Amino acid sequence: MTANQRRIDLKRGLDLLGGTALLLLLSPLLGAAALSLTLGQEGPALRRRTVAGRGGRPFTMLTLRTRSPMAALPLLLHVVRGQMSLVGPCPLSPTHRECTGEARRRLTVRPGLTGPWQISDRSDLPWEERELLDLHYVDHHWLGMDLAVLARTLPAVRRRRLRRASARAARLA
């Protein structure tokens with residue numbers, strides 16, 4: 001077994017273990033959110049979007065039809081199934097320009113639930129910077145980087161939500 005294969009196996013093991021644990025822990029919240037969406041609104045609770053997976057293989061990504069961090073909970077199903085990773089490049093449509101040409105190398109890894117683009121302290125990054133962060137991740141990822149990104153994801157999401165809430169309050173004042 002090559003060093004690269006061991007690294008891939010470790011990453012998949014982390015994804016499987018972490019994804020399964022999070023899915024089991026958060027399944028009551030996922031069920032309650034889906035039920036609330038179904039009862040409170042017209043239409044399905046899940047939103048479907050086709051994205052490019054590893055090697056460019058398309059799959060249908062499911063998210064909850066809400067504008068909150070809970071929208072991402074169904075993505076854990078894709079992590080456990082091996083279509084996504086806990087950490088990786090931002091999921092994109094198969095027809096997105098970054099899935100062609102030189103940027104196609106982003107498809108050598110699974111798209112992620114989170115990634116360097118998610119934990120960046122700069123709010124509302126321009127697309128070009130997200131692109132660079134994704135490609136840097138693809139070229140230099142390792143298990144330690146994944147663990148660091150995972151550790152910084154929730155605090156980054158909280159900071160972003162607080163900034164948005166204070167900006168909204170300032171507009172209303």
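We use all heavy atoms of the structure for the numbers below, so side chains are in, but hydrogens, waters and symmetry mates are not. Bear in mind the structure is a predicted one, so any value in this text is a computation, not a measurement. Each residue takes its place number in the sequence, starting with 1.
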Evaluate side chain to side chain contact (heavy atoms under 4.5 Å, CB included) for Val109 paired with His141, printing each intermediate quantity in order. CA-CA 10 Å; Val109 298; His141 73 282; 3.6 Å; yes

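- By the criterion of side-chain heavy atoms lying less than 4.5 angstrom apart, applied directly or through intervening Ile, Leu, Val, Met, Phe, Trp or Tyr residues, Leu26 is grouped together with Leu75 in one hydrophobic cluster.
- Annotation: the span from Ser120 atom OG to Arg130 atom CZ amounts to 9.0 Å, rounded to 0.5 Å.
- By the 4.5 Å heavy-atom criterion applied to side chains, Pro74 and Leu64 are counted as neighbours.
- The neighbour count for Arg161 CZ, taken as heavy atoms of other residues, nucleotides or ligands under 6.0 Å away, does not exceed 12.
- Leu29 and Leu35 are members of different hydrophobic clusters when ILVMFWY side chains are connected at heavy-atom separations under 4.5 Å.
- Distance alone, capped at 3.5 Å, is enough to place a donor-acceptor pair between the His78 side chain and the Leu62 backbone.
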Report the C-alpha distance between Asp134 and His136 in whole Å, list the side-chain angles of each, state the deciding distance to 0.1 Å, and finish with yes or no for side chain to side chain contact (heavy atoms under 4.5 Å, CB included). CA-CA 5 Å; Asp134 276 351; His136 182 270; over 6 Å; no

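- In this structure, Leu92 is not a member of the same hydrophobic cluster as Leu133, with clusters built from ILVMFWY side-chain heavy atoms closer than 4.5 Å.
- Atoms CG and CG, from Leu14 and Asp9 in turn, are 12.5 Å apart once rounded to the nearest 0.5 Å.
- Pro58 approaches Thr50 most closely through the heavy-atom pair CB-CG2, 3.9 Å.
- Formation of a donor-acceptor pair under 3.5 Å by the His140 side chain with backbone atoms of Tyr137 is not found in this model.
- Looking at Ser85 and Leu113, their side chains never come closer than 4.5 Å, going by heavy atoms from C-beta outward.
- For the pair Arg7/Arg12, no side-chain contact is recorded, criterion being any heavy-atom separation below 4.5 Å from C-beta on.
- Residues Pro111 and Pro91 come closest through the heavy atom pair CB-CA, 3.8 Å.
- Using a distance-only test at 3.5 Å, with no hydrogens or angles considered, a donor-acceptor pair links the side chain of Arg106 to the main chain of Cys90.
- The distance from the OG1 atom of Thr38 to the CG atom of Leu46 is 8.0 Å, given to the nearest 0.5 Å.
- Of the possible polar contacts, one joining the Asp15 side chain to the Leu86 backbone as a donor-acceptor pair under 3.5 Å is found.
- A distance of 13.0 Å separates SG of Cys99 from CZ of Arg105, quoted to the nearest 0.5 Å.
- Listed for the Arg110 side chain is no donor-acceptor partner under 3.5 Å among the backbone atoms of Val87.
- Side chain of Arg57 to main chain of Arg54: a donor-acceptor pair is present (N/O by atom type, distance under 3.5 Å, no hydrogens or angles).
- Arg65 contributes no side-chain N or O that, together with a main-chain N or O of Arg47, makes up a donor-acceptor pair within less than 3.5 Å.
- Residues Val149 and Thr153 approach most closely at O-OG1, 2.7 Å, considering heavy atoms.
- For the atom pair Leu77 CG and Leu30 CG, the distance stands at 7.0 Å (nearest 0.5 Å).
- Looking only at side-chain heavy atoms (C-beta outward), Glu129 and Trp117 stay at 4.5 Å or farther from each other.
- Closest approach of Ala45 to Ala34, counting heavy atoms only: CB-O, 3.6 Å.
- Of the charged side-chain nitrogens involved, at least one lies within less than 4.0 Å of a carboxylate oxygen, so that Arg97 and Glu131 count as a salt-bridged pair.
- Listed here is the closest heavy atom pair of Val138 and Pro89: CG2-CG, 3.8 Å.
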Stepwise side chain to side chain contact (heavy atoms under 4.5 Å, CB included) test for Lys11 and Trp142: CA-CA 8 Å; Lys11 182 171 176 60; Trp142 60 289; over 6 Å; no

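- Within the 4.5 Å cutoff, side-chain heavy atoms of Arg49 are placed close to those of Val51.
- Side chain of Ser36 to backbone of Ala32: no donor-acceptor contact under 3.5 angstrom is found.
- Judged by distance alone, with hydrogens and angles left aside, the side-chain atoms of Thr2 form a donor-acceptor pair with the main-chain N or O of Gln5 at under 3.5 Å.
- Under the 4.5 Å side-chain heavy-atom criterion for grouping Ile, Leu, Val, Met, Phe, Trp and Tyr, Met70 is connected to Met61 within one hydrophobic cluster.
- Expressed to the nearest 0.5 Å, how far CZ of Arg159 lies from CG of Leu154 amounts to 10.5 Å.
- Clustering ILVMFWY residues whenever any of their side-chain heavy atoms sit less than 4.5 angstrom apart, transitively, puts Val157 in a cluster other than the one holding Leu22.
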Apply side chain to side chain contact (heavy atoms under 4.5 Å, CB included) to Leu132 and Glu128, showing your working. CA-CA 6 Å; Leu132 289 173; Glu128 294 77 20; 5.7 Å; no

